[in-house]
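In what follows, a structure is listed as C-alpha cells, so that the remarks can point back to it.
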Amino acid sequence: MNDIVILGAGGLARELAFLIEEINLATPTWNILGFVEADGEPVDRQVGNYKVLCTESDLTSMQVAAAIGIGDPTTIQKIAQRFKANSKINFPNLVHPRTIWDQERVIMGKGNIICAGVVFSTDIQIGSHNYFNMDCVVTHDDKIGDYCVVSPGVHISGNVKLGDSCMIGTSATVLPGVSL
C-alpha cells in the first residue's frame, strides 16, 4: 500500500477520501494518512473518517502521494504550483473502478481525479490536476487543459477544447466544437 494525503479538508476532500476507499475495494493501493490543511489552519482534528494530519508547510518534508480535494480551479492551480518543484510529493491519477474509458487512447497528465460513472470515449487529451465529478461524459477528440473542474452530470461533446482553469457547472452540456 502506498501512503497518500488529501490536500483540503472540506466536503470535496471527504468525497475524494471516499473515492480512494472505493479504489481500494477493487484494488488495495492506498493508505490514506489524512487531510492536509493550509498553513495556519488547525490540525489533529477529525474530519469524516480521517484526521487533519498536518499543514502544507509540514508536508514539504514528507515523501508521499497527494491528491487535491478542492473544487476551485484557481486554488487547485496555486496548490499544484506550490508543490511542483518538490520531488518528494507525487500526484497520481486517481480513477474510480466504475470509470468507462479507452485506456489506450485517453492520454492524461498527473493528479487527475476521475469519479464514479465517468465515461471517456476515445482520442481524448487531458492535462493535469483536473477533477471530473460523478457521471460526466467526455467524448471523442476533446482536449482539456490543466486545473479544470467538471461538475456532476456534465456532458462534453466531441472536438471540444477546454483551456486551463475552466469550471463547468452541474449538468451542463458543452456542444461539439466549442472552445472555452
Side-chain angles (χ1 to χ4, degrees), residues 1-37 45-54 56 59 62-73 75-77 79-80 83-84 86-139 142 144-156 162 167-168 170:
M1 299 273 279
N2 301 298
D3 289 340
I4 191 166
V5 295
I6 298 170
L7 293 152
L12 196 64
R14 292 190 316 272
E15 286 183 358
L16 180 51
F18 175 67
L19 180 139
I20 295 169
E21 290 167 352
E22 291 284 302
I23 291 170
N24 282 340
L25 288 175
T27 308
T29 306
W30 302 107
N31 175 37
I32 302 173
L33 298 178
F35 299 104
V36 176
E37 278 280 38
R45 62 186 166 87
Q46 192 71 30
V47 177
N49 292 335
Y50 303 94
K51 285 192 171 192
V52 176
L53 178 70
C54 63
E56 288 183 15
L59 184 63
M62 297 174 67
Q63 183 142 2
V64 68
I68 301 173
I70 301 207
D72 173 64
T75 305
I76 294 169
Q77 182 176 9
I79 291 170
F83 289 101
K84 186 176 185 177
N86 188 333
S87 61
K88 293 181 179 182
I89 308 295
N90 169 33
F91 288 93
N93 291 317
L94 299 174
V95 181
H96 192 280
R98 284 197 313 111
T99 299
I100 298 171
W101 60 313
D102 182 352
Q103 292 183 43
E104 292 180 14
R105 299 184 62 102
V106 174
I107 298 167
M108 274 193 252
K110 63 181 180 178
N112 292 293
I113 311 297
I114 317 299
C115 293
V118 170
V119 176
F120 290 140
S121 68
T122 191
D123 298 313
I124 299 168
Q125 295 177 11
I126 299 170
S128 296
H129 302 289
N130 297 293
Y131 202 104
F132 294 89
N133 218 309
M134 295 173 275
D135 298 322
C136 294
V137 176
V138 180
T139 62
D142 291 338
I144 298 169
D146 299 328
Y147 321 114
C148 294
V149 175
V150 181
S151 299
V154 169
H155 291 198
I156 301 175
L162 297 183
M167 183 166 201
I168 310 295
T170 301

Member of Val137, Thr139, Ile126 meeting the side-chain contact (heavy atoms from CB on, under 4.5 Å) criterion with Phe120: Ile126
Ile4 CD1 to Asn31 CG distance, which is reported to the nearest 0.5 Å: 10.0 Å
Side chain proximity check, Leu7 to Leu59, heavy atoms < 4.5 angstrom: yes
Main-chain N/O of Asn93 paired to Asn112 side chain as donor or acceptor, under 3.5 Å: no
Shortest non-hydrogen separation from Ile113 to Ile68 and the atoms involved: CG1-O, 4.3 Å
Heavy atoms of other groups near Phe18 CZ, more than 12 under 6.0 Å: no
Closest non-hydrogen atom pair between Asn133 and Val118, with its separation: O-CG2, 3.3 Å
Trace of the side chain to side chain contact (heavy atoms under 4.5 Å, CB included) decision for Thr170 with Val154: CA-CA 6 Å; Thr170 301; Val154 169; over 6 Å; no
Closest heavy-atom pair and its distance - Met167, Gly71: CE-O, 3.3 Å
Any donor-acceptor pair under 3.5 Å from Asn24 side chain to Trp30 backbone: yes
From CD1 (Ile70) to CG (Leu12), nearest 0.5 Å: 8.5 Å
Heavy atoms from other residues, nucleotides or ligands near CD of Gln46 exceed 12 (cutoff 6.0 Å): yes
Ile20 side chain reached by Ile6 side chain, heavy atoms, under 4.5 Å: yes
Heavy-atom side-chain contact between Ile168 and Ser151 under 4.5 Å: no
Check: Pro73 and Tyr131 side chains under 4.5 Å, non-hydrogen atoms: no
Residue pair Asn49 / Ile32, side-chain heavy-atom distance below 4.5 Å: no
4.5 Å side-chain heavy-atom contact, Met62 and Leu53: yes
Exercise: identify the closest heavy-atom pair between Cys136 and Val150: SG-CG1, 3.6 Å
Value rounded to 0.5 Å, distance of CD in Glu37 from CD in Glu56: 8.5 Å
Heavy-atom side-chain proximity of Leu25 to Glu22 below 4.5 angstrom: yes
Distance, nearest 0.5 Å, that separates CD1 of Ile114 from CD1 of Ile100: 13.5 Å
Which atom of Val149 lies closest to which atom of Ile76, heavy atoms considered: CG2-CD1, 3.6 Å
Atom pair CD/CG of Gln63 and Asp3 - distance to nearest 0.5 Å: 10.5 Å
ring-ring contact (aromatic ring centres under 6.0 Å, His included) contacts touching residues 90-119 (sequence neighbours left out): Phe91-His129
Rounded distance (nearest 0.5 Å) linking atom SG of Cys148 with atom CG of Asn130: 5.0 Å
Side chain proximity check, Arg14 to Val47, heavy atoms < 4.5 angstrom: yes
Candidate pair Leu16 and Leu94, rule side chain to side chain contact (heavy atoms under 4.5 Å, CB included), full reasoning: CA-CA 9 Å; Leu16 180 51; Leu94 299 174; 4.1 Å; yes
Closest non-hydrogen atom pair between Phe35 and Ala17, with its separation: CZ-CB, 4.3 Å
